[in-house]
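We use all heavy atoms of the structure for the numbers below, so side chains are in, but hydrogens, waters and symmetry mates are not. Numbered from 1 within each chain, the chains take letters A, B, ... in sequence-line order.
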Amino acid sequence: MAAPASGMNRFYLLLGAIALAGIAALVYQVKRPKGVSIPANVTVLAADTAGFRGYVIGSDSAKVEISEYADYQCPFCADFATIQFPAIRQQLIQTGLVRWRFRDFPLNMHPNSRVAAHAAACADEQGKFWDMHSALFDHQTEWAPQKNASSRFSTYAGQIGLDVTKYNACMSSAKYAGRIQASLDEGTKLGVNGTPTFLIGGRLYTDRASNSDSIRALVMNLMPKAGTPQ
Amino acid sequence: MNRGRMGLAVLSLAGLFIALYLWLYKLGAIGTLACGTGSCETVQLSPQSKFFGIDVALIGVVGYIVLLGLALLGLQPRFAGPAWPARLLAVLAGIALLFSLYLTGLELFVIHAICRYCVASAVVIVLIFGLAMRELRAVPSV
C-alpha cells in the first residue's frame with residue numbers, strides 16, 4: 001500500500017504545481033500593464049491642431065454648421081449618435097442643409113474616453129473616422145466597463161477595414177493626445193460643460209434630450225437668416 | 001485505472017486555466033489576449049461567444065471544474081471499485097466533446113476566425129474524451 005500512497009502524493013504535488021503555475025500566469029496577465037493610454041492635460045502645441053478643427057461631414061456650401069461636443073463614453077452621446085444622428089445625417093446633412101462638425105470633449109469621469117477619441121483619430125488617418133465613430137457608439141456598453149478598452153478598439157479597427165498594424169502603431173504613438181486636448185480646451189472656453197453639447201448658430205444647446213426633430217426645427221429657423229429660401 | 005483518472009485530472013486542470021483566461025478577458029480583467037493575430041478577440045467578441053446568454057468561457061470554467069472534481073473523486077480509494085464515476089466521466093466528456101465540435105464549427109463556418117485558446121481547449125477535450133473512454137472500457141461489465 002505504501003507505493004501507491006507515495007504515487008498519489010507525487011500526483012497531488014504535480015497537480016498543485018500545475019495549479020500554482022496557472023494561477024501565477026493568470027495573476028501576471030491581470031496585473032500586467034495593458035493596452036494604450038492617452039495622456040490627459042498635455043500641453044497643446046501648434047502642430048497638434050495645425051488647422052484641424054474637428055471631423056466634418058456635409059457640404060462646404062451648407063448654410064448651417066452644427067458643432068457637436070461629445071464624449072464617446074457618455075451614454076447620452078451614444079443615444080444621440082445611434083438613435084438621432086442617423087436621421088439628422090439623412091435629412092439635414094445629406095440634403096446639403098447642414099455641415100456637421102464633431103469635436104472631442106472627453107470628460108474626466110470616463111477613463112476610456114480619450115483612448116476612444118484617439119482610436120477615432122487614428123481611423124481618420126485611414127479615412128474611416130465616421131465608421132469608427134459609429135462602431136464606438138454602437139458598442140459603447142461593451143467597452144465602457146473595461147479596465148482598458150484599447151484591445152476592443154483594435155478589434156473594431158479590423159472590423160471596419162482599417163490596416164490594423166498601422167492603426168496600432170498610431171495608437172501606441174498617442175500622437176493625437178494634443179489635438180484631443182485642444183478640442184476639449186476649445187469647448188471649455190466656449191462654455192461646454194457636459195455632453196453632448198451642440199453649437200448651432202453661435203449658441204450652445206446643452207439639452208441632453210436633443211433630438212433630430214428639435215435640431216431640424218432649429219436649423220429651419222436659421223435658414224432664412226442664412227439666406228436660404230424656404 | 002488510477003493513471004487514467006490522474007491524466008483526466010491534469011487535463012481538466014489545464015483546460016480550466018485556458019477557460020479561466022478567456023473568461024477573465026470577457027470580464028475585462030485582461031486587456032488584450034496574447035494571441036498575435038487578433039482572431040482570438042474576434043471570436044471572443046462575436047455573438048457566438050455566448051450560448052443562451054451565458055459566456056461560453058464561463059461554461060468551460062464550470063465544465064472543467066466538474067470534470068476535475070469527478071476525476072479527483074474517482075481517485076479516492078472508496079470510488080475505485082464502483083463503475084459510476086467512469087460512466088459519468090464518459091458521459092460528461094462526450095457532452096464536452098460535442099459542445100467543442102459545435103464551437104469549432106462556429107469558428108470555421110460562422111465567425112471565420114480561429115482562436116488558438118479555443119483550439120487548445122478542443123484538443124484537451126479530445127484527450128479527456130479518449131481517456132474517459134479508456135476508463136469506461138476498463139470498468140468490468142455487470
Walk me through it: do B:Leu24 and A:Gln29 pass the test side-chain contact (heavy atoms from CB on, under 4.5 Å)?
CA-CA 9 Å; B:Leu24 285 172; A:Gln29 289 293 330; over 6 Å; no
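Enclosure of atom CG in A:Asp185 by more than 12 non-hydrogen atoms of other residues, nucleotides or ligands within 6.0 angstrom is indicated. Annotation for B:Gln76: atom CD counts as buried by contact number, over 12 foreign heavy atoms lying within 6.0 Å. The 12-atom threshold is exceeded at CH2 of A:Trp100, counting heavy atoms of other residues, nucleotides or ligands nearer than 6.0 Å.
Applying the disulfide bond (SG atoms under 2.5 Å apart) test to residues at least two apart or on different chains, none of the pairs has a partner in residues 66-128 of chain B.
Atom OH in B:Tyr25 sits 7.0 Å away from atom CD in A:Gln146 (nearest 0.5 Å). Taking CG from B:Leu68 and CG from A:Leu15, the interatomic distance works out to 6.5 Å, rounded to the nearest 0.5 Å. In this structure, B:Met6 CE and A:Arg10 CZ are separated by 9.0 Å, a value rounded to the nearest 0.5 Å. Here the straight-line distance linking atom CG of A:Leu26 with atom CZ of B:Phe17 works out to 6.0 Å at 0.5 Å rounding.
Contact of the A:Tyr12 side chain with the B:Leu72 side chain is registered, since non-hydrogen atoms from C-beta on lie closer than 4.5 Å.
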